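Everything on this sheet refers to the single structure shown next.
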Number of protein chains: 2
Amino acid sequence: MNFLNCPLFQGVTQTEIEKMMDCFNGKAESFAEGKTIISYAENSDSIGVLLDGVAVVRRIGRNGDLSVQELLVKNGLFGEVFCFGAAKDTVEVVAVEKCTVVFIDKMWITRPCANACGCHLQIIQNLYFLLSEKVQRLSEKVELLSKRSIRQKLLYFFHRQCAQEGTDTFLMPFPFSSLAEYVNADRSAMMRELKKMREDGLVRINGRSVTLLQRDREEE
Amino acid sequence: MNFLNCPLFQGVTQTEIEKMMDCFNGKAESFAEGKTIISYAENSDSIGVLLDGVAVVRRIGRNGDLSVQELLVKNGLFGEVFCFGAAKDTVEVVAVEKCTVVFIDKMWITRPCANACGCHLQIIQNLYFLLSEKVQRLSEKVELLSKRSIRQKLLYFFHRQCAQEGTDTFLMPFPFSSLAEYVNADRSAMMRELKKMREDGLVRINGRSVTLLQRDREEE
DNA sequence: CTCCGATTGTTGCAAATGCAACAGACCTTT
DNA sequence: AAAGGTCTGTTGCATTTGCAACAATCGGAG
């Protein structure tokens, strides 16, 4: 098992991690496709690391409505949110393909362990960092979704990509069809708007390369 | 200064807190209306507790676009998110009215202090808990905003309220006009939809009391 | 090369939504 | 009682968007 690329263990050496595994008696478990890895209802008592495979986090409301909350891939972390904050409804982590998982007991996180691992604090800090990142991602998405029109949503997204790159041009990280999902709009409607924006001289699009043409301000 | 109602210090006694204040040399500072309490750019080095007053957290993009991220009231916490996760753009906390604030250095949070306060860990845990809650609130909002129609957004909101209460009736916690903002729709459009929903026998509305009439399923 | 699937691009039409404008209800203050 | 504010409720109209259906392009597999 290689933990080095796992964000949760950033800054901790492989040997330290393996030593630590005793503390929270962590052993890798396997789950076949379709199996429920863990279910957070009331009794949420551990978080987990997905060492291999793909899984989804899905929320099940009391009324049976179901929604996919997150997609987990190799090295992904799950349960960090539901372990402490008491979720109102059930959250399940389900294997989409064969998965290998290590669970870490919640208790281990909240107290120094008997062995007084030096890296204990490091991991708590990592956890904190990962949560912060998640909050920021979500805030950003809320802001995007709060834009009233497709055009505003697109501009918001484009500006953000550009800011990240530092230039006024960027390469789409995924196909336009996925962008439509992301901004929560119908694909054809989005394409139509994209065309108008091109005609209005707001953007230039070449394949997956998008260039923002400065001259627009005040999209409040 | 009374810290007892402050979520960050939950589970810690008043005397302990005051003793702790030495550790992170926390002293209350005052800010007049309109003043910037703190600005998180690169150099984010402390979180803060709003002991009194009202403030807003706002994000300023590189392009100058500004958006209010959060409203802080008495006992509110700020900076927990930006302190560690490196924000891409600047975040400011600004006093809306006269504010009293205590800052806690980031260092104090990440390491055990010299005095080895017993409650240190408790506070880190509280912080973690608060972050989890925030993630859940945001996830919920993303889910709501991802509904394609006003009707679906309203149903989602109503179901959620009912689930919380445990009944099929609940009292609106704020005026309908605010609900419109929350679901990110035009108020009149929302009222129109609300009327249709009443006509379709989905809900019954009496003043601020809303009753969900079961018979609907599959709003996917 | 050829076929196939995924992606991009387009269009007509119906439905949903935003916008503006207004009226009545209710509450508090003067 | 009168006045002013906020909240609720309504409606016409223009615009935006979703939906369905289809054409064109591209890239890889055989």
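Treat the numbers as computed from the prediction; the structure is a model and nothing was measured. Lettering of chains follows the sequences in order, A, B, ..., and the numbering in each one begins at 1.
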Whole-Å distance between D:dT8 P and B:Phe176 CZ?
6 Å

On the nucleotide D:dT8, are OP1 or OP2 found under 4.0 Å from the side-chain N or O atoms that B:Lys195 carries?
no

For A:Thr169 and A:Thr167, does a side-chain donor sit closer than 3.5 Å to a side-chain acceptor?
no

Separation of A:Ile205 atom CD1 from C:dT10 atom C1', in whole Å?
15 Å

D:dA20 C1' sits how many Å from A:Met190 CE, rounded?
18 Å

B:Asn184 atom CG is separated from C:dC19 atom P, nearest whole Å, by 11 Å

In whole angstrom, what separates A:Lys196's NZ from C:dT10's P?
13 Å

Atom-pair distance (CD on A:Glu193; P on C:dG9), nearest Å
15 Å

At under 4.0 Å, does any side-chain N or O of B:Ser188 touch on OP1 or OP2 of C:dA20?
no

Using 30° and 60° as the class limits, which term best fits the ring planes of B:Phe31 and B:Phe103: parallel, tilted or perpendicular?
perpendicular

Over all strands shown, is A:Arg208 touching base, sugar-phosphate only, or nothing at heavy-atom distances under 4.0 angstrom?
sugar-phosphate

Protein-nucleotide distance (B:Glu181, atom CD; C:dG18, atom C1'), rounded to Å
15 Å

Using a cut-off of 4.0 Å on non-hydrogen atoms, how would the nucleic acid contact of B:Leu194 be classed: base, sugar-phosphate, or nothing?
nothing

If you only use heavy atoms from C-beta on, which nucleotide in D:dT8, D:dC19, D:dT11 is closest to the side chain of B:Met191?
D:dT8

Can you find a side-chain donor-acceptor pair between B:Glu140 and B:Gln136 that sits under 3.5 Å?
no

Atom of A:Leu145, atom of A:Lys153 and distance for their closest heavy-atom approach
O-CE, 3.9 Å

Distance check needed: C:dT7 P versus A:Phe174 CZ, whole Å only.
13 Å

If you assign A:Arg198 and A:Arg148 each to the DNA chain C nucleotide with the nearest heavy atom, which residue ends up on the more 5' nucleotide?
A:Arg198

Assuming nearest nucleotide by heavy-atom distance, tell me which of B:Pro175 and B:Arg192 is located more 5' along DNA chain D.
B:Pro175

Classify the ring geometry of A:Phe82 against A:Tyr40: parallel below 30°, tilted from 30° to 60°, perpendicular beyond 60°.
tilted

Does a side-chain N or O of A:Arg187 approach OP1 or OP2 of D:dG18 to a distance below 4.0 Å, or not?
no

